[in-house]
Amino acid sequence: MDSILALKAEIIRAIEQTCAMVSISVSAAVIVGMPIGILLFLTAPGHLRSNRLLYGVLSYIVNLVRSFPFLILLVALIPFSRMIVGTAIGPLAASVSLSVAAIPFYARLVEQSLREVPKGVIEAAVASGAPMKHIIGGVLLSEARPGLVSGLTVTIISFISYSAAAGTVGGGGIGDLAIRYGYQRFDTEVMVACIVILVVIVQLVQWIGSFAASRLDKRK
Amino acid sequence: MITFREVSKQYKAGRQWIEAVQPTSLHVEKGQIQGIIGFSGAGKSTLLRMANLLELPTTGEVYIDGQELTGLNAGELREARRSIGMIFQHYNLLSNETCAANVEFVLKAAGLPSRERKRRVEECLEIVGLADKAKQYPAQLSGGQKQRVAIARALANNPKVLLCDEPTSALDPVTTLSILEFLEKINRELQVTILLVTHEIQVARRLCSRIAVMESGEITERLDMNHPEIKPVTQLGRFLFDSAEMSSSSSVQQKGEGYRG
Ligand SMILES: Nc1ncnc2c1ncn2[C@@H]1O[C@H](COP(=O)(O)OP(=O)(O)OP(=O)(O)O)[C@@H](O)[C@H]1O
Ligand SMILES: [Mg+2]
């Protein structure tokens with residue numbers, strides 16, 4: 001207990017760092033990944049803006065980034081992180097790699113959720129003469145709302161755990177703290193405390209995510 | 001009001017091409033209710049869906065109210081589609097939006113300002129008798145009520161034409177009748193020309209002034225229901241008139257009295 005109290009400030013800082021890394025990467029996933037997911041959906045063969053070349057290229061890039069083991073991606077992106085944020089260590093630098101990983105991750109989940117929207121519903125909107133921006137906003141995103149939120153929940157939770165991995169190469173955060181104290185210094189108490197914190201955060205995120213998704217789902 | 005000129009539609013199925021609709025012409029006058037009947041796979045839906053270019057004809061032209069749809073660019077086609085309402089067998093409503101929002105969607109997409117939208121949504125739900133369901137979600141409604149919301153949505157932009165693809169095929173007979181009454185009312189009071197696809201003979205007979213029988217991608221018979229003396233030659237055509245005599249009791253009685261007198 002003593003060691004935890006002694007490290008109180010450091011634990012709080014670690015929580016802040018984890019939150020920062022996850023917020024930045026998940027924001028990137030939503031801001032960049034969501035449009036890519038929509039584009040993937042629209043350009044897929046047989047869909048509204050079917051474009052074999054664009055779909056092929058996008059899909060290939062998404063697969064490519066997703067097939068990298070995260071740690072390797074992290075190392076490979078060190079020069080890129082340095083270019084963007086001026087440093088290769090710390091939560092901000094880790095956020096760059098995390099964002100690069102989170103964007104295609106969420107893009108695929110968005111594409112999948114949009115595929116769940118019944119074709120007939122989209123067709124009814126096309127038949128009514130609705131322009132593309134209304135079909136995207138008023139039909140696709142609206143009908144896929146529960147799936148988009150569930151996908152976001154999955155993304156947040158995955159990237160809490162990815163951020164722990166990022167922490168070990170100088171990113172900071174709770175995962176990093178757990179490894180530094182628990183694994184390297186055999187301070188089990190601190191490690192357990194860190195794990196408990198992670199478990200609580202993940203449970204909380206999942207609970208809020210599930211609740212939001214079910215509230216948004218009017219299909220019954 | 002609706003003219004198909006030598007339209008045809010081919011699909012590629014593997015290596016083969018199937019001719020879903022062979023070159024076909026059909027003209028529907030303003031204010032008419034034209035039915036298309038036929039067995040499954042006859043090409044009814046494909047023909048209907050070419051009326052608003054949901055399906056692009058392989059050959060031929062489509063005219064709505066004198067305008068050639070097949071010659072329009074994307075923006076012009078969107079504009080033209082606003083005056084062509086459409087309803088479907090499975091309603092195709094937005095399940096995460098209320099009834100009012102479903103109707104409002106097409107008004108918003110047409111660029112109507114907010115205040116006018118609200119007024120028009122109310123009017124349209126009123127027409128189909130669902131003003132009290134405005135705030136409900138489709139999942140909370142019966143099939144017939146969902147189809148009425150779909151009708152309200154189809155009417156929102158004051159269409160000249162209403163396309164119906166099996167609008168009652170998922171409904172029980174009593175609900176079917178109420179939907180048909182709404183369609184009749186819309187045709188009569190709003191002068192909307194209706195093109196209706198169905199495989200239900202009763203529905204076609206009840207509603208349509210003219211009926212085209214389709215078989216394997218072709219219109220094989222055109223019947224004017226106001227001229228019952230015409231002798232249909234196709235099996236479906238004959239069935240249309242035969243079962244009219246058998247199952248509709250009032251017409252049987254009238255005819256019986258006629259014979260006696
Ligand atoms: N997108 C498509 N791709 C390939 N073939 C198609 C497609 N749509 C329709 N067809 C084929 O075209 C033919 C006509 O289909 P259509 O849906 O117009 O028939 P229908 O008369 O409406 O039948 P139903 O009563 O079953 O709805 C069928 O043989 C069908 O398999
Ligand atoms: Mg059909």
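Each chain gets a letter, A, B and so on, in the order its sequence line appears, and its residues count up from 1. All values derive from a computational prediction rather than experimental measurement.
Between A:Gly138 and B:Phe105 the shortest heavy-atom distance is CA-CE1, 3.9 Å.
Within 6.0 Å of the CD1 atom in A:Ile89, the count of heavy atoms belonging to other residues, nucleotides or ligands does not exceed 12. Heavy-atom neighbours of A:Phe70 CZ from other residues, nucleotides or ligands within 6.0 Å: above the threshold of 12.
The interface of residues 54-64 of chain A with chain B, defined by heavy-atom distances below 4.5 Å, is empty.
For B:Leu94, the parts sitting under 4.5 Å from any heavy atom of chain A are the backbone and the side chain alike. Proximity to chain B is absent for every atom of A:Ile122, based on heavy atoms less than 4.5 angstrom apart. Both the backbone and the side chain of A:Pro131 have a heavy atom closer than 4.5 Å to some heavy atom of chain B.
Side-chain contact between B:Leu93 and A:Val121 is absent, with no heavy-atom pair separated by less than 4.5 Å.
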Below 3.5 Å only, please: all the donor-acceptor pairs between chain A and chain B, one per line.
from: A:Gly120; atom 1: O; to: B:Asn92; atom 2: ND2; distance (Å): 3.1
from: A:Glu123; atom 1: OE1; to: B:Arg49; atom 2: NH1; distance (Å): 2.8
from: A:Glu123; atom 1: OE2; to: B:Arg49; atom 2: NH1; distance (Å): 3.1
from: A:Glu123; atom 1: OE2; to: B:Arg49; atom 2: NH2; distance (Å): 2.8
from: A:Gly129; atom 1: O; to: B:Arg82; atom 2: NH2; distance (Å): 3.2
from: A:Ser142; atom 1: O; to: B:Asn96; atom 2: ND2; distance (Å): 3.0
from: A:Ser142; atom 1: OG; to: B:Glu97; atom 2: OE2; distance (Å): 2.7
from: A:Glu143; atom 1: O; to: B:Asn96; atom 2: ND2; distance (Å): 3.2
from: A:Glu143; atom 1: OE1; to: B:Ser95; atom 2: N; distance (Å): 2.9
from: A:Glu143; atom 1: OE1; to: B:Ser95; atom 2: OG; distance (Å): 2.8
from: A:Glu143; atom 1: OE2; to: B:Ser95; atom 2: N; distance (Å): 3.0
from: A:Glu143; atom 1: OE2; to: B:Asn96; atom 2: N; distance (Å): 2.9
from: A:Arg145; atom 1: NH2; to: B:Asn96; atom 2: O; distance (Å): 3.1
from: A:Lys218; atom 1: N; to: B:Asn96; atom 2: OD1; distance (Å): 2.9

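Evaluation of the side-chain contact (heavy atoms from CB on, under 4.5 Å) rule for A:Val202 yields A:Ile157, A:Ile160 as partners, not counting sequence neighbours. The side-chain contact (heavy atoms from CB on, under 4.5 Å) search around A:Ile208 returns A:Leu204, not counting sequence neighbours.
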